[in-house]
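Report on one structure; see the data block that follows.
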Amino acid sequence: MPELPEVETIARLIRPRLEGRRIDGCEVRWTRTLGGLSKPAFARAVVGARLARVWRRGKFLVADLERSGRPEGALVGHLRMTGRVHVEPKGWDPGPYLKVRLALDDGADLFFIDVRKFARLWYAAEPDDLLGTLGPEPLSESFTGDWLSAALRDRRRTLKPLLLDQTFVAGLGNIYVDESLYRAGIHPLARSDRLTRERAARLRDEIRATLGEAIEREGSSFDVFYRTPEGNPGSYQDEFKVYGREGKPCVRCGEPIRRIVVGQRGTHFCARCQRR
DNA sequence: ATCCTATCCTGGCTGC
DNA sequence: TGCAGCCAGGATAGGA
């Protein structure tokens, strides 16, 4: 599932192919993908606009739009679980799950594809309406051990669901939370306000290390869904220590990895290395 | 304030 | 082999 490392990989790969391009046309196959805007309203908003900066915020992909050199809203995408983005030559076959196609002025097409119809591609006049509630970027300077320690203590939440809460920290999903907690030696059911400063700082370090290594590997591809915009799978799934490893031995201590459900999410951990 | 459930969707897997 | 039913997961809404 696309989490921060996958979205970052996508942003990096499509950036050089999108920045500076003008949108010459659009085709919408599934209106709900637009998140409330009608097809004509969406077309009016994006056709003729130029894609300026392409960037990522949490799990959102953002392309700032310009008209006559002036900022004019943004395209904001969220892939949810099965969304994909491709930039391909005109005529490329996107398969049966194409939701939106944008024709670019260099002859390429931007394809927004999704099997399950949860993904969204918004036109936002004010992108902050979508991005404004997000918590800090875990790879940014502001995500420090002290900040995390204080923020965890401010809440009284079960740790794992809190880390999945995008208003708390932006970009973490089920996989990287499980992997980060394992690496930090912290139980997913730990109470957020009971972590010592030292353990919070360790968690901060392991979150950043996990995300950084996953970005280096171009994300994780353990099912048919996530592929880079070039169609290649990432390889970080080979590094998973707990996610999807139920019953297999912990690489550190040999204890079988356990799977429980926390906040409706499959949760993988080592009961010996991650004590309560 | 926090937690829980249902919803949105479909392909793929399990079990009969 | 066929098929019904369940599961996965990101985000959100509504209720406890």
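Basis for what follows: all heavy atoms, side chains included, without hydrogens, waters or symmetry-related copies. Protein chains get the first letters and strands the later ones, always in sequence-line order, with residue 1 at the start of each.
A:Arg191 is linked by a side chain to side chain donor-acceptor pair (under 3.5 Å) to nothing, counting only residues two or more places apart in sequence or in another chain. With sequence neighbours left out, A:Thr144 forms a side chain to side chain donor-acceptor pair (under 3.5 Å) with no residue at all. Residues meeting the ring pair (Phe, Tyr, Trp, His ring centres under 6.0 Å) test with A:Trp55, sequence neighbours left out: none. Every side chain to side chain contact (heavy atoms under 4.5 Å, CB included) that A:Ser140 has, sequence neighbours left out, goes to A:Glu137, A:Ser142, A:Phe143. In this view, A:Arg22 and A:Asp24 satisfy the side chain to side chain donor-acceptor pair (under 3.5 Å) rule, not counting sequence neighbours. Partners of A:Arg272 by salt bridge (charged side-chain N to carboxylate O under 4.0 Å, His left out), not counting sequence neighbours, listed by chain and number: A:Glu255. Under the salt bridge (charged side-chain N to carboxylate O under 4.0 Å, His left out) criterion, A:Asp205 pairs with no residue, sequence neighbours left out.
For A:Lys117, counting side-chain heavy atoms from C-beta on, the closest listed nucleotide (B:dT10, B:dG11, C:dG10) is B:dT10. Listed candidates were B:dT2, C:dA8, B:dG11. Nearest to the side chain of A:Arg155 is B:dT2. When distances run from any side-chain atom of A:Phe118 to the nucleotides B:dT10, C:dA11, B:dC8, the shortest one goes to B:dC8.
A straight line from CG of A:Leu162 to P of B:dA1 spans 14 Å, rounded to a whole angstrom. In this entry the distance linking CG of A:Asp165 with P of B:dA1 reads 13 Å, nearest Å. With rounding to whole Å, A:Trp30 atom CH2 is found 12 Å from B:dT10 atom C1'. Going from atom CE of A:Met81 over to atom C1' of C:dG10 covers 5 Å, rounded to whole Å. One can place CG of A:Leu134 at 13 Å from C1' of C:dG10, the figure rounded to the nearest angstrom. Per the geometry, CZ belonging to A:Arg153 stands 20 Å off C1' belonging to B:dT2, to the nearest Å. One can place CG of A:Leu130 at 12 Å from C1' of C:dA11, the figure rounded to the nearest angstrom. Put simply, CD on A:Gln237 is 17 Å from C1' on C:dA8, counting in whole angstrom units.
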- Message: Expected output check: what is the dot-bracket annotation of DNA chain B, where ( ) and [ ] are pairs inside the strand (brackets for crossing ones), | is paired with another strand, and pairs are Watson-Crick or G-U under 3.5 Å?
- Response: .|||||||||||||||
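Residues A:Trp147 and A:Phe168 bring their aromatic ring centres within 6.0 Å.
The residue A:Tyr176 sits apart from the nucleic acid: no heavy atom pair falls under 4.0 Å.
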What pairs of nitrogen or oxygen atoms, one from the protein and one from nucleotides 3-5 of chain B, lie under 3.5 Å apart?
| from | atom 1 | to | atom 2 | distance (Å) |
| --- | --- | --- | --- | --- |
| B:dC3 | OP1 | A:Thr158 | N | 3.3 |
| B:dC3 | OP1 | A:Thr158 | OG1 | 3.2 |
| B:dC3 | OP2 | A:Arg157 | NE | 2.7 |

Taking only nitrogen or oxygen atoms into account, show me every contact under 3.5 Å that the protein makes with nucleotides 12-16 of chain C, one pair per line with its distance.
none

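Sorted by first then second residue, the salt bridge (charged side-chain N to carboxylate O under 4.0 Å, His left out) pairs that include residues 164-185 of chain A, not counting sequence neighbours, are A:Arg157-A:Asp165, A:Lys160-A:Asp178, A:Arg183-A:Glu206, A:Arg183-A:Glu213. Legend: side chain to side chain donor-acceptor pair (under 3.5 Å) pairs involving residues 5-20 of chain A, not counting sequence neighbours, sorted by first then second residue: A:Glu6-A:Tyr176, A:Glu8-A:Arg12, A:Glu8-A:Arg56.
Considering all non-hydrogen atoms of both residues, A:Ala200 and A:Leu152 come closest at CB-CD1, 4.0 Å.
Put simply, A:His78 has no side-chain N or O that comes within less than 4.0 Å of OP1 or OP2 on C:dG10.
The side-chain tip of A:Arg120 does not point at the ring of A:Phe60 from less than 6.0 angstrom away and within 45° of straight on.
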